[in-house]
> 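So that we are looking at the same thing, I have put the structure below in structure tokens.
We name chains A, B, ... by the order of the sequence lines, and we start the count at 1 in each one.
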There are 2 protein chains.
Amino acid sequence: MTRLAGLDTPAAIVNTARMQANIQRMQTRMNELGVRFRPHVKTSKCLPVVHAQLAAGAQGITVSTLKEAEQFFAAGIGDILYAVGITAAKLPKVLALRRQGCDLKIIADNAAAADAIAAFGKEHGETFEVWIEVDCDGHRSGIRPDEKDRLVDLARRLAEGGMRLGGVMTHAGSSYELDTPEALAALAEQERAGCVQAAEHLRGAGLPCPGVSVGSTPTALHAQNLAGVTEVRAGVYVFFDLVMHNVGVCRTDDIALSVLTTVIGHQTDKGWAIVDAGWMAMSRDRGTAKQRRDFGYGQVCAVNGTVLPGYVMSGANQEHGIISREGDPDDRIAERFPVGTQLRILPNHACATGAQFPEYHALSGDGTTEVWPRFYGW
Amino acid sequence: MTRLAGLDTPAAIVNTARMQANIQRMQTRMNELGVRFRPHVKTSKCLPVVHAQLAAGAQGITVSTLKEAEQFFAAGIGDILYAVGITAAKLPKVLALRRQGCDLKIIADNAAAADAIAAFGKEHGETFEVWIEVDCDGHRSGIRPDEKDRLVDLARRLAEGGMRLGGVMTHAGSSYELDTPEALAALAEQERAGCVQAAEHLRGAGLPCPGVSVGSTPTALHAQNLAGVTEVRAGVYVFFDLVMHNVGVCRTDDIALSVLTTVIGHQTDKGWAIVDAGWMAMSRDRGTAKQRRDFGYGQVCAVNGTVLPGYVMSGANQEHGIISREGDPDDRIAERFPVGTQLRILPNHACATGAQFPEYHALSGDGTTEVWPRFYGW
């Protein structure tokens, strides 16, 4: 069992106690609100993480790629929602998974996709379960809740084409741009109300709409009631990150993912320490740049995880990071962080940073680590 | 042999004719300037690409991680410069590679690293070849050319510790911030002159300094003379990208890497087409944001590679990209790019975008593709 001091750097470290607390916090909240919880596994793409989510009470998973569906189905997880609009070219893979017994659900928001699903399903004698994507906040895909005719037309094309209507689903992705509890609670209500309204349009037209699925990490944690909702989806809550800290849904001490790095040099006159984690390790995600607090490429912590206030990764090349003190250059940085010092960097965006690594090192309370493989690609 | 229409999307496409032309352009320039060329393989991490560089005349490779050294040495490439400052913890891997016959050279810019190399080399009876890193433009690591005492002290620690001095090396990374031929030529001369000056300090102190290694793609292509330089390093030239286009060292028609994607929906009233390549495929690199022309997450091209002027990926979520026309929303975008349309997106930064994919699809002039695996991680 390797300790942090024995790991090659850069390395992605998961604090398992924090991760478990994050999982428990979300699951408890969902239980209180009386909804099923279907975590989005795009954040971790890692089986031990997803097993921990399911063990805590999650029911099924959400995926962002068919590769995630294939990998998690191969690991025995069968209840899967693929939450990116389907196109005709991807239907053979969906069919193959369903034929193997995977309860893979797909989504659509346009007539071309619906017609392609119905035609392909008919051709292959397969009843695809399709959810209709609703646009509750204008940030991306979906049909607006007030577009009753488009919603009903789409559902009717699917139903009349012999497909199963699973329900309606939405994602309030604009929640990432907010930073007050009031605004988050209001958006959570907008997300809920919009998705329920879409469901009611379908039901009012005599169409089945058993499921109503909503979610984003910030709205899930700020919803006051979820009347009419059957399930919630969220992903980044499992690790949290600096963007979520700025949104106001976690503390830095809740962030379960960090990048372990080693000091390789200094530019003393500039107050820089140079480390061996650059943007390839942190990702190029600068999600905090437009928020109330810009952490550069990440918040610097001691190797034991203690936040070092004011020290951030202020710049990054592919395999070099520049560590400096914000506003007030530290002319003794070479003494503070000598060559060889290990540091840990909290990331702006856990989904982006994790994706740069073939594996996480899961850090237990006793200081030992275990390799948790993760995958990437499509 | 799969054609583009048969590929799952998103996919990373390499236009092999453009890549070969880029390789030939750089190698011809280096031959004219009378220097060896040691390509930086961090851009591609892909054996067929590196084989093409070596076949054109490159001598040895530059790597950004020890994993690159291990992978390319296993493929038979023995002359390798690891161009990130070494620390003690990485020396066992360096030793293992050298014991297997790899001519792996390392770099250092500080006394702690030099002493660690000498101590470890002595302990294991290994003469490491060490290059001293020079800071020619203040952008990152290295010792400034005017810091004669530091340069000589560092070289002396290595030589007296029994290590072999390979030479001095520098990288004018600040060239990415320029965009005129005059400024690039001036920085190329600054890079050359600074590195040669550092070499002369060592030689003047009676220390060996056989190698003088410089380079970045923009300075390599704008150097007017390289007197005193023995080798040049550059990486991104092999594919080029939109950042390099803005710097002024390539045309969009030289860019050999693109991301193949499929239209999955629209928001017609906003003039958006939604595609299945988001920031996970493009990377979060927004390198053109601060340049004279901001391409968002990339320039949109037809599937045949023709640039579609004005259409860019203006926004991105993890697996969704938003395609729109700059300045003038296209209210007929759903007719222009119907659901199912394949598009190709030129990336801001080829090193970052390529890293998101487990393989490239190498596209030949006859329209067929071949899988070229690439690796990631450390």
Side-chain angles (χ1 to χ4, degrees), chain A residues 8-11 42 64-66 84-90 93 108-113 116 133 135 138-142 173 262-267 270 274 276 278-281 283-287 315 317-320 322 334 338-340 349 351-352 355-359 376-378, chain B residues 8-11 42 64-66 83-90 93 108-110 112-113 116 133 135 138-142 173 262-267 270 274 276 278-281 283-287 315 317-320 322 334 338-340 349 351-352 355-359 376-378:
Chain A
D8 291 335
T9 56
K42 74 185 178 79
S64 70
T65 63
L66 288 175
V84 177
I86 200 77
T87 50
K90 292 194 171 82
K93 276 200 180 181
D109 75 350
N110 64 81
E133 187 173 12
D135 175 14
H139 86 286
R140 192 167 77 192
S141 304
T262 304
V263 175
I264 62 171
H266 304 90
Q267 294 290 13
K270 294 174 181 157
I274 314 281
D276 67 356
W279 60 253
M280 188 61 82
S283 90
R284 270 293 198 196
D285 200 299
R286 287 281 290 105
N317 292 161
Q318 187 160 336
E319 298 290 346
H320 297 77
I322 295 173
V339 168
H349 189 172
C351 307
Q356 304 300 104
F357 291 86
E359 72 269 311
Y376 78 135
W378 288 268
Chain B
D8 291 335
T9 56
K42 75 185 178 80
S64 71
T65 64
L66 289 175
V84 177
I86 200 78
T87 50
K90 292 195 171 78
K93 276 200 178 179
D109 75 350
N110 63 81
E133 186 174 12
D135 175 14
H139 86 286
R140 191 167 78 193
S141 304
T262 304
V263 175
I264 63 171
H266 304 90
Q267 295 289 12
K270 294 174 181 157
I274 314 280
D276 68 356
W279 59 253
M280 187 61 81
S283 90
R284 271 295 198 194
D285 200 299
R286 288 280 292 105
N317 292 161
Q318 188 160 335
E319 298 291 346
H320 297 77
I322 295 172
V339 168
H349 190 172
C351 307
Q356 304 301 103
F357 291 86
E359 71 268 314
Y376 76 137
W378 289 269

> Minimum heavy-atom separation for Tyr376(B) and Phe357(A), please, with both atom names.
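Taking Tyr376(B) first and Phe357(A) second, the nearest heavy atoms are OH-O, 3.6 Å.
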> If I measure from the heavy atoms of chain A, does Gln267(B) come under 4.5 Å with its side chain, its backbone, both, or neither?
side chain
> Please state whether the side chain, the backbone, both or neither of Ala88(B) comes within less than 4.5 Å of a heavy atom of chain A.
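Nothing of Ala88(B), per the 4.5 Å heavy-atom cut-off to chain A.
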> Check whether Ala281(B) gets within reach of chain A through its side chain, its backbone, both or neither, counting any heavy atom under 4.5 Å.
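Ala281(B) touches chain A through backbone and side-chain heavy atoms alike.
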> Can you tell me which of Ile86(B), Leu66(B), Asp135(B) forms the most heavy-atom pairs within a distance under 4.5 Å of chain A?
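Maximum pair count with chain A is reached by Asp135(B).
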> Between Ile322(B), Asp109(B), Asp8(B), which shows the greatest number of heavy-atom pairs under 4.5 Å with chain A?
Asp8(B)
> Let me know if Val339(A) has heavy atoms under 4.5 Å from chain B in its side chain, its backbone, both or neither.
side chain
> Could you state the interatomic distance from NE2 (His349(A)) to CD (Gln318(B)), rounded to the nearest 0.5 Å?
6.0 Å
> Determine whether Trp378(B) and Met280(A) make a side-chain contact, defined as any pair of heavy atoms from C-beta on separated by less than 4.5 Å.
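Yes - at least one pair of side-chain heavy atoms lies under 4.5 Å apart.
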> Would you give the length of the straight line joining atom CD1 of Ile264(A) to atom CG of Asn110(B), rounded to the nearest 0.5 angstrom?
8.5 Å
> Return the option, out of Ala116(A), Gly265(A), Cys351(A), with the maximum number of heavy-atom pairs under 4.5 Å with chain B.
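Ranked by heavy-atom pairs under 4.5 Å with chain B, first place is Cys351(A).
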> Tell me which of these, Thr9(B), Val263(B), Asn317(B), has more heavy-atom pairs under 4.5 Å with chain A than the rest.
Asn317(B)
> Can you check side chain to side chain contact (heavy atoms under 4.5 Å, CB included) on Glu319(A) and Thr65(B), steps first, answer last?
CA-CA 8 Å; Glu319(A) 298 290 346; Thr65(B) 64; 3.5 Å; yes
> Which region of His139(B), side chain (C-beta onward) or backbone (N, CA, C, O), has a non-hydrogen atom less than 4.5 Å from a non-hydrogen atom of chain A, or is it both or neither?
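Answer is both: backbone and side chain atoms of His139(B) are under 4.5 Å from chain A.
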> Search all heavy atoms of His320(A) against all heavy atoms of Ser141(B) and return the closest pair with its distance.
CD2-OG, 3.6 Å
> Rounded to the nearest 0.5 Å, what separation is found between the NZ atom of Lys270(B) and the CZ atom of Arg140(A)?
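CZ of Arg140(A) is found 11.5 Å from NZ of Lys270(B).
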> Under 4.5 Å, counting heavy-atom pairs only, tell me which of Ala112(B), Pro338(B), Ser64(B), Ala11(B) racks up the most with chain A.
Ser64(B)
> Give the member of Gly340(A), Ala334(A), Ala352(A), Gly173(A) that has the highest number of heavy-atom pairs under 4.5 Å with chain B.
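Max contact count across the listed options: Ala352(A).
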> Among Ser283(B), Ala108(B), Gly138(B), Ala113(B), which residue forms the greatest number of heavy-atom pairs with chain A at distances under 4.5 Å?
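Maximum pair count with chain A is reached by Gly138(B).
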> So which of Lys93(B), Arg286(B), His266(B) has the biggest tally of heavy-atom pairs under 4.5 Å with chain A?
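Highest number of pairs under 4.5 Å: Lys93(B).
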